[in-house]
There are 2 protein chains.
Amino acid sequence: MTMPLSALEKKINCLFNNKELLNEAMTHRSYRFESQVETKDNQRLEFLGDAVIELIVSRYLFDRYSNAPEGDMTKYRAALVQESALFDCARHIDLGHFLLLGKSELTSKGNERPSNLSDAYEALIAAIYIDQGYEKAQVFHIQNLEALWNEPADLVLVQNPKGILQEITQKNHGSTPKYATISKSGPEHEPKYKVDCYLNRELLAHGEGKTLKSAQENAATHAINRLKEDKNK
Amino acid sequence: MTMPLSALEKKINCLFNNKELLNEAMTHRSYRFESQVETKDNQRLEFLGDAVIELIVSRYLFDRYSNAPEGDMTKYRAALVQESALFDCARHIDLGHFLLLGKSELTSKGNERPSNLSDAYEALIAAIYIDQGYEKAQVFHIQNLEALWNEPADLVLVQNPKGILQEITQKNHGSTPKYATISKSGPEHEPKYKVDCYLNRELLAHGEGKTLKSAQENAATHAINRLKEDKNK
């Protein structure tokens, strides 16, 4: 059941002057299509919210990583504004409970779908920006970011550990890591891969996973952590 | 010769509290590489300025085209934030005169290069945003936009007339336009193409150009204008 918008206002600690705007932000197009009265969906607000979030995140990274080169910041920004990150933000404030969806969208669990939730989160940010000003939208989004990720740079690591490991080893060791598949075990429908990660023939780390890719990524993550530890010794 | 930054402040009617920031915005990386003293280039500011411009333009379009669907606004935004549009903005305020470039970049006319100028414009917008606040950056950029383009929607038209014409005819006539090459004349190094544009076997417009593509685009632009006129009759 969809919860009243007053509960959302309470949840996000933000009382709207224009309640229509909040309603628009929570209205999925499937709801608009089925509605008897003329109503707006959240697509235009989503368009605006996308740009609001881009600036909030850019300024946050600019201030936080005051010596990082532009290339690194671009990577962090891409990680923080992508659908999966905004989906995490939306879940963090239980946004799915407040989404207005059409019947079929509702029965197919549309209120848990990443695209619906990340779009609604963008629309919500735009609604706060229009109704309450940029500062308020900024404070709200950064609160959510910081509740979810201590260190945005780590988010990049989580997403592409093999790429990050390769960058580190090329820069610091002039060499790229190699992955050796040690074993594949378990039943056909639930295999388990074991992988070793080497640098210059030295074993760096071991990794496991349900796919070869995830086992390699797991090994790469361990390898990065080991190289960091070695550096700090 | 590079002009002093005080002249730029006068030109853009904006006195910086932190002159270093303006200096950073105008410093191309080629200048930093050659500099004897440690200096910052404009790449980090460019990263931030990109997002500032994205929001300024998004809000501008959101307010100006209050009934346009999200898809149209996304097209207008893409046209207004692309390199060539920012290059036009940079030229509009003669930004090339103020760019600090390395020697080889300077001799190869780097102060006229679209990428250098559009990057510097983004960096300048970020510098104004940090030093003077978001509102001031917004007013400044929109002044430049409006001086260059009366109607942002027309900018999309200029860039992709064939695509726009196809959309219009599919929507209003259920049919797509056809292009017939009438003639190719002139010497080999300077050919001239003539093209007719038809809709449902009816001649819509005529176009000319130095390439077949430009002749077709020219015909498409005329065709769009004619369909608009017919609609307004």
Side-chain angles (χ1 to χ4, degrees), chain A residues 20-21 24-25 27-29 32-33 38 40-78 80-81 115 119-120 122-123 125-131 133-138 141, chain B residues 20-21 24-25 27-29 32-33 38 40-78 80-81 115 119-120 122-123 125-131 133-138 141:
Chain A
E20 273 307 307
L21 208 54
E24 185 178 332
T27 304
H28 187 258
R29 59 186 178 282
R32 179 171 65 81
F33 284 133
E38 197 172 49
K40 286 179 175 177
D41 67 33
N42 64 11
Q43 289 184 93
R44 279 174 49 88
L45 285 172
E46 177 210 332
F47 161 86
L48 183 58
D50 166 77
V52 179
I53 289 173
E54 186 94 2
L55 180 55
I56 292 171
V57 168
S58 299
R59 179 66 192 258
Y60 175 71
L61 294 171
F62 187 87
D63 292 340
R64 178 160 181 157
Y65 300 101
S66 55
N67 289 310
E70 174 266 336
D72 286 356
M73 293 201 297
T74 300
K75 275 183 218 164
Y76 303 159
R77 178 168 70 187
L80 285 174
V81 304
S115 58
D119 289 355
E122 287 180 326
I125 292 284
I128 297 173
Y129 160 61
I130 294 173
D131 195 76
Y134 179 77
E135 294 291 324
K136 181 88 183 185
Q138 186 174 32
H141 183 54
Chain B
E20 273 308 306
L21 209 53
E24 186 179 331
T27 304
H28 187 258
R29 60 186 177 281
R32 179 171 66 79
F33 284 134
E38 200 175 17
K40 287 179 175 178
D41 66 35
N42 64 11
Q43 290 184 92
R44 280 174 48 89
L45 285 172
E46 177 210 331
F47 162 86
L48 182 59
D50 166 78
V52 178
I53 289 173
E54 187 94 2
L55 181 55
I56 292 171
V57 168
S58 300
R59 180 67 192 257
Y60 175 72
L61 295 170
F62 187 87
D63 293 340
R64 178 161 180 154
Y65 300 101
S66 55
N67 289 311
E70 176 266 335
D72 286 356
M73 293 201 297
T74 299
K75 274 184 218 163
Y76 302 159
R77 178 167 70 187
L80 284 175
V81 304
S115 59
D119 289 356
E122 286 179 326
I125 291 286
I128 297 173
Y129 160 61
I130 294 174
D131 195 76
Y134 179 78
E135 294 290 326
K136 179 89 184 185
Q138 188 174 32
H141 184 54

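Proteins come first, then strands; the chains are lettered A, B, ... in the order of their sequence lines, and each starts at number 1.
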**Request:** Go through B/Ala126, B/Gly71, B/Ser66 and name the one with the most non-hydrogen pairs under 4.5 angstrom from chain A.
**Result:** B/Ser66

**Prompt:** Looking at CD1 of B/Ile130 and CZ of A/Phe62, how far apart are the two atoms once the value is rounded to the nearest 0.5 Å?
**Reply:** 4.0 Å

**Prompt:** Between B/Ala51 and A/Leu55, which heavy-atom pair has the shortest distance, and what is it?
**Reply:** CB-CA, 3.8 Å

**Among B/Glu46, B/Arg77, B/Lys40, B/Gln43, residue most engaged with chain A (heavy-atom pairs, under 4.5 Å)** = B/Arg77

**Item:** Side chain / backbone / both / neither for A/Asp72 at chain B, heavy atoms under 4.5 Å
**Value:** neither

**Request:** Let me know if B/Asp41 has heavy atoms under 4.5 Å from chain A in its side chain, its backbone, both or neither.
**Result:** neither

**Item:** Partner residues of B/Ala137 under the side-chain contact (heavy atoms from CB on, under 4.5 Å) criterion, sequence neighbours left out
**Value:** B/Val52, B/Ile56, B/Ile125, B/Ile128, B/Tyr129

**Request:** Considering only heavy atoms and a distance below 4.5 Å, find which of B/Glu54, B/Arg44, B/Met73 pairs most often with chain A.
**Result:** B/Arg44

**Message:** Less than 4.5 Å apart, side chain to side chain, heavy atoms only: is that true for B/Asp50 and A/Glu70?
**Reply:** no

